[in-house]
Amino acid sequence: MAYQISLTHPRLGETTCEFDGQPTLLGRTGSGAAIEVADPRVSSRHGEIWADSQGIWYKDLGSSNGSWLNGSRLQEPIKLGPEIQLTLGETRLSVARQLPDGLRLSLLGRSGSLGLTMALGDQSKYLQAIYALTEALFAEEFLPELLKRVQEAVPLAHQPSVIAWPPKADGALAYLGGRQGSASSTLAHYAAEQGKAMLFAGEELDDGLGNAPSIRLTGIKGAIYVPLEHDEEIFGMLCAGSMLPFSELDFQFFCAAAGLLAARLSSERLRQQAAQREALANFLQIASHDLKNPLQAIDNCVRILERLPKEKQAPVLEMLVGASGRAKELIINYLDIATIEGGKPLEISPKQLDLAALVEEEIRFLRAAQHEDMEKITVVNEASGTILADERKIRQVLANLFSNAVKYSPQGGEIRVYRREARICIRDHGVGISAENQQRLFSAFERVGDRSIARGTGLGLWLAAALIHAHGGQIGVSSELGKGSTFWFSLP
Ligand code: ADP
């Protein structure tokens with residue numbers, strides 16, 4: 001005898017499947033499953049529940065303390081009465097089951113994969129897929145992993161992708177995952193306007209919406225666009241098209257996947273915001289620390305000057321000018337950072353500069369400022385010729401690249417500055433940078449590798465890159481972990 005099991009889920013909606021009456025284990029009490037039933041013979045901790053064509057059964061599995069009734073152990077299975085509730089495992093799925101004789105079994109609230117998969121028979125494929133998706137969310141590169149599993153669960157989905165919402169200023173879609181150009185801007189706008197998940201079928205696509213050239217060209221007959229939301233705001237969309245219409249179940253599955261993805265992406269955003277706040281606090285701390293030195297020097301000089309006769313004041317005055325110059329330079333750099341952060345372009349006043357002299361001066365400055373670190377280091381200056389650049393800004397670039405070369409060469413060694421065709425190169429024999437980390441270095445607040453090697457803000461290379469780009473030039477690095485790095489820049 002066959003009967004139906006229906007499954008209700010907030011996102012999957014209501015689905016039903018045939019149950020062929022083969023004895024099927026629904027769950028075991030005590031292992032993530034509990035049973036609430038007024039029958040005193042039923043142990044809430046040591047039993048097994050299964051269904052067959054006759055109904056729903058409970059069998060005691062034996063225990064020392066609860067599966068006994070009136071002193072004798074239950075040997076026979078018990079047929080359960082019409083009013084029972086089961087809780088299986090951890091998932092928030094509920095199963096309502098209609099039996100022919102009016103007996104009703106509800107698996108309410110939380111239900112485990114084993115019990116549900118068994119109860120659902122064939123449609124367990126979606127359930128399995130949801131578990132697979134949940135697993136994918138723990139991967140570091142979770143987006144490609146999730147899209148792969150979505151594709152496995154719904155093979156007719158053609159290149160599922162995740163886009164950011166709203167689109168970029170020029171109207172183009174920004175892809176967070178999946179292949180560029182695989183989503184339709186028209187359908188995404190439509191779903192965003194409706195503010196809900198959309199299942200587009202062939203007729204709808206031909207009916208107006210299908211006028212989007214991308215849809216006509218690829219001959220798509222079905223599409224699913226599900227907004228990703230956080231705090232009722234759409235920040236992205238899970239999209240897929242297909243050459244065949246999607247089923248309602250495919251759609252429900254996409255909705256479930258989008259719900260999981262939205263939760264994961266918004267927690268990622270919160271994590272990034274927290275990391276930025278931490279980086280900002282770190283930056284403020286280092287910036288104030290940097291400024292404290294020259295200000296302290298100025299303070300000391302003024303005190304000494306007060307007590308010195310006029311003829312002995314000259315060297316102290318020179319120190320005073322040096323310290324206030326350093327403080328001013330630091331402040332101008334912070335202003336540059338603020339300008340870039342505010343999205344404004346940096347102004348460049350270029351002039352011809354003697355490269356060798358510039359390098360020489362920066363190294364002298366570094367020797368004075370980073371006294372101890374520099375002692376272990378030899379600098380070979382092979383730079384020659386002139387460059388056309390903004391003096392203060394190019395000094396800043398050199399200062400940042402040199403101080404990194406010193407900072408990240410903990411054992412000392414040699415720093416070589418030379419020109420290779422259009423490139424000005426600074427080579428060190430320090431800790432080096434792995435290939436994957438080389439991509440990230442020039443972004444704001446990015447610190448890579450072993451952070452304990454040196455103090456830093458992660459802003460030095462970002463600022464250097466911004467200053468070089470403001471000149472219309474290029475900046476880059478080649479490096480090998482453990483062997484050293486060569487940072488270079490070129491100017492037009
Ligand atoms: P920081 O203030 O941390 O030095 P930067 O933006 O100057 O910030 O550099 C970013 C990261 O790049 C550093 O944290 C470091 O991991 C790496 N890096 C920069 N220069 C070098 C170098 N010469 N050798 C090895 N690693 C470097």
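Every number for a ligand or one of its atoms is a count from 1 in the order of the listing.
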In a simple table, one pair per line, please give the protein and ligand 1 atom names for every N or O pair closer than 3.5 Å, along with the distance.
| unit_1 | atom_1 | unit_2 | atom_2 | d |
| --- | --- | --- | --- | --- |
| ligand 1 | 2 (O) | Thr457 | N | 2.8 |
| ligand 1 | 2 (O) | Gly458 | N | 3.0 |
| ligand 1 | 3 (O) | Tyr408 | OH | 3.3 |
| ligand 1 | 3 (O) | Arg447 | NE | 2.6 |
| ligand 1 | 3 (O) | Arg447 | NH2 | 3.3 |
| ligand 1 | 3 (O) | Gly458 | N | 3.4 |
| ligand 1 | 4 (O) | Asn404 | OD1 | 3.3 |
| ligand 1 | 4 (O) | Lys407 | NZ | 3.0 |
| ligand 1 | 4 (O) | Tyr408 | OH | 2.7 |
| ligand 1 | 6 (O) | Gly460 | N | 3.2 |
| ligand 1 | 6 (O) | Leu461 | N | 2.8 |
| ligand 1 | 7 (O) | Asn404 | OD1 | 3.3 |
| ligand 1 | 7 (O) | Asn404 | ND2 | 2.8 |
| ligand 1 | 7 (O) | Leu461 | N | 3.3 |
| ligand 1 | 8 (O) | Gly458 | N | 3.2 |
| ligand 1 | 14 (O) | Tyr408 | OH | 3.2 |
| ligand 1 | 16 (O) | Val448 | N | 3.4 |
| ligand 1 | 16 (O) | Val448 | O | 2.8 |
| ligand 1 | 20 (N) | Asn404 | ND2 | 3.4 |
| ligand 1 | 23 (N) | Asp428 | OD2 | 2.8 |
| ligand 1 | 24 (N) | Ser485 | OG | 3.4 |

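- Because its NZ or CZ atom is both nearer than 6.0 Å to the ring centre of Phe142 and within 45° of the ring axis, Arg264 counts as a cation-pi partner of that residue.
- Inspection of the Arg440 and Asn437 side chains reveals an N or O donor paired with an N or O acceptor under 3.5 Å.
- Looking only at distances, no side-chain donor or acceptor of Glu362 sits under 3.5 Å from a matching main-chain atom of Phe402.
- Taking the six-membered ring where the residue is Trp, the centroids of Phe200 and Tyr190 are separated by under 6.0 Å.
- Nearest heavy atom pair, residue Leu355 against residue Ala383, reads CD2-CB, 3.7 Å.
- Not a single donor-acceptor pair under 3.5 Å links the side chain of Asp390 to the backbone N or O of Pro350.
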